[in-house]
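Working notes, beginning with the structure itself.
Computed from a predicted structure; not experimentally measured. In this chain, residues are counted from 1 in sequence order. Hydrogens, waters and symmetry mates play no part in the numbers below; they use all other heavy atoms, side chains included.
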Amino acid sequence: MFQFKNIIVPTDFSELSYTAFPFARDIADKYQANLHVIHVLDDNPNTAGFKYENISKEELLKKLTVESENKLAESLAYFGDDIYSPVITMLKYGEDYKEIIKYSQEINSELIVIATHGRSGLVESVLGSVAQKVIRHAKCPVLVTTPEGILKSS
């Protein structure tokens, strides 16, 4: 029988990304696995168009780090109060899919649970660009969830 010990669930803090959380939670609870909620910040943010336009990239990265750490903590509420599994939050810096894959290998995760996004392009509209890249490069199984899956199972 396959045993899950570490399950990764990436988030960009969108409501859509949170739709993967119930799937990850159910699997983690069933197998008594650790859940790793990961968010990746671009380590070279562009200040143009941000609410923090008039600050340096270093200052912006510090502010984004604090905001992301707070949002990671808040995102745990999406797992519900009765979650059995331990939840670990992780903030990484770099290119999103690469850092998700790298972290997956660091902790020897057995599964990545990721929501689709459908932001642009034909292929991306089906899978989401980050999900597509994670699927392509992950060394472990990837469960791709859809928001419709949540709505149908409710």
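- Using a 4.5 Å cut-off on side-chain heavy atoms (C-beta onward), Phe79 and Ser85 make no contact.
- The existence of a salt bridge linking Arg25 and Asp29 is confirmed by a sub-4.0 Å separation between a basic side-chain nitrogen and an acidic carboxylate oxygen.
- Counting only heavy atoms from C-beta outward, the side chains of Asn6 and Asn108 never approach each other to under 4.5 Å.
- Between the side chains of Glu59 and Ser56, at least one donor N or O lies within less than 3.5 Å of an accepting N or O.
- Cluster membership for Leu76 and Phe13, using ILVMFWY side-chain heavy atoms within less than 4.5 angstrom, is shared.
- Using a cutoff of 4.0 Å between basic side-chain nitrogens and carboxylate oxygens, Lys92 and Glu106 are scored as salt-bridged.
- Checked against ring-ring contact (aromatic ring centres under 6.0 Å, His included), Tyr97 has the following partners two or more places apart in sequence or in another chain: His137.
- Between the side chains of Asp12 and His39, no donor-acceptor pair is found at a separation under 3.5 Å.
- Between Ala115 and Ala131, the shortest heavy-atom distance links the atoms O-CB, 4.1 Å.
- Minimum interatomic distance between Asn34 and Ile88 (heavy atoms only, all atoms of both residues): CB-CD1, 3.9 Å.
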Would you sort out whether Tyr93 and Thr65 count as a side-chain contact (heavy atoms from CB on, under 4.5 Å), showing the intermediate values? CA-CA 9 Å; Tyr93 301 88; Thr65 296; 2.9 Å; yes
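- Looking at Pro86 and Leu35, their side chains never come closer than 4.5 Å, going by heavy atoms from C-beta outward.
- Lys57 and Asp42 are not joined by a salt bridge, as no carboxylate oxygen comes within less than 4.0 angstrom of a charged side-chain nitrogen.
- The shortest side-chain heavy-atom distance between Leu61 and Asn44 does not fall under the 4.5 Å cut-off.
- Phe23 is not listed as a side-chain neighbour of Val9, based on a closest heavy-atom distance of 4.5 Å or more.
- With contacts defined as side-chain heavy-atom distances shorter than 4.5 Å, the pair Glu110/Gln3 does not qualify.
- The hydrophobic clustering, which links ILVMFWY residues whose side-chain heavy atoms are closer than 4.5 Å, places Tyr84 and Tyr78 apart.
- For the residue pair Leu111 and Leu143, the shortest heavy atom distance occurs at CD1-N, 4.0 Å.
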